[in-house]
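Written out below as structure tokens is the structure these notes cover.
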There are 2 protein chains.
Amino acid sequence: MPQAQILSKNQQVVFEIIEKAKGPLKAYSILYDVQKKGIRAPLQVYRALDKLLELGKIHKIESKNAFVACKNSNCEITKATAFSICEKCEKVTEINNSKLSNYLSAFKDSTGMKYSKYNLEFFGLCKKCK
Amino acid sequence: MPQAQILSKNQQVVFEIIEKAKGPLKAYSILYDVQKKGIRAPLQVYRALDKLLELGKIHKIESKNAFVACKNSNCEITKATAFSICEKCEKVTEINNSKLSNYLSAFKDSTGMKYSKYNLEFFGLCKKCK
DNA sequence: TAACAAGCCGTTATATTATAACATTTTTAT
DNA sequence: ATAAAAATGTTATAATATAACGGCTTGTTA
């Protein structure tokens, strides 16, 4: 069991905001939120985000340029991510389905190539919005 | 069989450039290329891109903010896209695998929710780069 | 055929997202 | 204690994308 990573001050501040949020957050909205904690520049936020992504503590929703906390307990899974995204309310949920992840992790294309990483984004209407 | 869509002048110009390209193109690189054809402003490019995306003639590679021509003959498939992306040379290939698309199109999450659209990006090293 | 709607075009300005470059400080490992 | 690695702070700027405005063309349709 790997030692829980200790986050630096800025990383911790940024992570807490993302973790508490109800939905994906954009970098400049995070910046706005953390200004009271002494983080002033975009780069400080982006650096924290980069590190948190690398650690798997957060994920980037590419279609939205926004960030969510990883909800898989002890996530090491930067390499196999799947999300459901509501096209109306923008709610994002991380999909944690072992059949799906097994299927995709084992997927080989027509040339026999196997991949080391994937990201999948599903779109539709969530329960509430339907 | 739906009538082949007729593209407007700007749409045609932008599409040809993307189609001829060897890899994904970014919007401002397209802008640079089309300036000799009289397209001067980013918005002109983005409008053409939006329309081409809507028509399924091109796809956006979200992780790169770049655009590729659809290689599935008669693509209507804006709604179910999968790509392989080489992390070294940045080569992008559209994956056309009916097993995969059937699997994903039928996928339901733990709440029983079915999705109307997905986009999947695989990452790894292509043949050449391995 | 007038007139209306829909789509496309061109332009300027500006919003949003992200990184470069540089100097310094803190933490970690030896 | 010291060297290497990681994190910080700051200013400036690059890269990506949209808002707002007005006009032109084309194809209904009344």
Side-chain angles (χ1 to χ4, degrees), chain A residues 2-18 21 23-68 78 85 87 90 92 119 121, chain B residues 2-18 21 23-68 85 90 92 119 121:
Chain A
Q3 160 99 37
Q5 177 79 21
I6 291 163
L7 299 179
S8 76
K9 176 182 143 282
N10 287 2
Q11 289 158 18
Q12 184 63 39
V13 168
V14 169
F15 180 61
E16 276 172 12
I17 287 188
I18 296 173
L25 293 183
K26 305 208 152 211
Y28 277 71
S29 124
I30 294 169
L31 175 58
Y32 178 85
D33 287 346
V34 298
Q35 291 194 327
K36 60 196 78 147
K37 306 239 174 178
I39 297 180
R40 291 172 207 171
L43 197 44
Q44 294 175 289
V45 171
Y46 279 104
R47 284 199 283 229
L49 290 172
D50 284 347
K51 189 67 186 187
L52 293 167
L53 285 169
E54 188 192 318
L55 296 172
K57 306 278 290 178
I58 64 172
H59 302 300
K60 181 171 186 181
I61 308 301
E62 294 285 356
S63 60
K64 296 192 167 303
N65 299 315
F67 303 85
V68 294
T78 320
I85 300 169
E87 288 181 294
E90 314 236 306
V92 169
N119 179 53
E121 298 182 4
Chain B
Q3 159 100 37
Q5 178 79 21
I6 291 164
L7 299 178
S8 76
K9 176 182 145 279
N10 287 3
Q11 290 158 18
Q12 184 63 39
V13 168
V14 169
F15 180 60
E16 275 171 14
I17 286 189
I18 296 174
L25 293 184
K26 305 207 154 212
Y28 277 72
S29 124
I30 294 168
L31 176 58
Y32 179 84
D33 287 345
V34 297
Q35 290 194 326
K36 61 195 78 147
K37 306 239 174 180
I39 298 180
R40 291 174 207 171
L43 197 44
Q44 294 175 288
V45 172
Y46 279 105
R47 284 199 283 228
L49 290 171
D50 284 347
K51 188 67 187 187
L52 294 167
L53 285 169
E54 189 192 317
L55 296 172
K57 307 278 290 176
I58 64 172
H59 302 299
K60 182 172 186 181
I61 307 301
E62 294 286 357
S63 60
K64 296 193 167 304
N65 299 315
F67 302 85
V68 294
I85 301 169
E90 314 237 307
V92 169
N119 179 54
E121 298 181 3

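Order of the sequence lines sets the chain letters (A, B, ...), proteins ahead of strands, with each chain counted from 1. Heavy-atom basis, side chains included; hydrogens, waters and symmetry copies ignored.
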Rounding to an integer number of Å, can you tell me how far [X] [atom1] sits from [N] [atom2]?
X: A/Ile61; N: C/dT17; atom1: CD1; atom2: P; value: 15 Å
X: A/Leu7; N: D/dA6; atom1: CG; atom2: P; value: 15 Å
X: B/Ile6; N: D/dT25; atom1: CD1; atom2: P; value: 19 Å
X: A/Tyr32; N: C/dA15; atom1: OH; atom2: P; value: 17 Å
X: A/Ile30; N: C/dT17; atom1: CD1; atom2: P; value: 11 Å
X: B/Lys64; N: C/dT19; atom1: NZ; atom2: P; value: 12 Å
X: A/Leu31; N: C/dA15; atom1: CG; atom2: C1'; value: 15 Å
X: B/Arg40; N: C/dC9; atom1: CZ; atom2: C1'; value: 12 Å

Where the side chain of [X] is concerned, which of [options] is the nearest nucleotide?
X: B/Lys9; options: C/dT19, D/dT8, C/dG10; result: C/dG10
X: A/Asn10; options: C/dA18, C/dT11, D/dG9; result: D/dG9
X: A/Leu43; options: C/dA21, D/dA7, D/dT16; result: C/dA21

Distance check: side-chain N/O of [X] vs OP1/OP2 of [N], anything under 4.0 Å?
X: B/Lys26; N: D/dA15; value: no
X: B/Ser8; N: C/dC9; value: yes
X: B/Asn65; N: D/dA15; value: no
X: A/Gln44; N: D/dT10; value: no
X: A/Tyr46; N: C/dA18; value: yes

To the nearest 0.5 angstrom, please state how far the NZ atom of B/Lys37 sits from the CD atom of B/Gln44.
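B/Lys37 NZ to B/Gln44 CD: 14.5 Å, rounded to 0.5 Å.
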Taking all non-hydrogen atoms of both residues, which atom of [X] and which atom of [Y] are closest, and how far apart?
X: B/Leu52; Y: B/Gln11; value: CD1-O, 3.8 Å
X: A/Ile18; Y: A/Phe67; value: CG2-O, 3.9 Å
X: A/Leu7; Y: A/Lys57; value: CD1-CE, 4.3 Å

Under 3.5 Å, is there an N or O donor on one side and an acceptor on the other linking the side chain of A/Tyr28 and the base of C/dA15?
no
Quick one: the side chain of B/Arg47 and the base of C/dG7, do they pair up donor-acceptor inside 3.5 Å?
no
With no hydrogens and no angle check, is any side-chain donor or acceptor of B/Lys26 less than 3.5 Å from a backbone partner on B/Lys64?
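A pair under 3.5 Å: yes.
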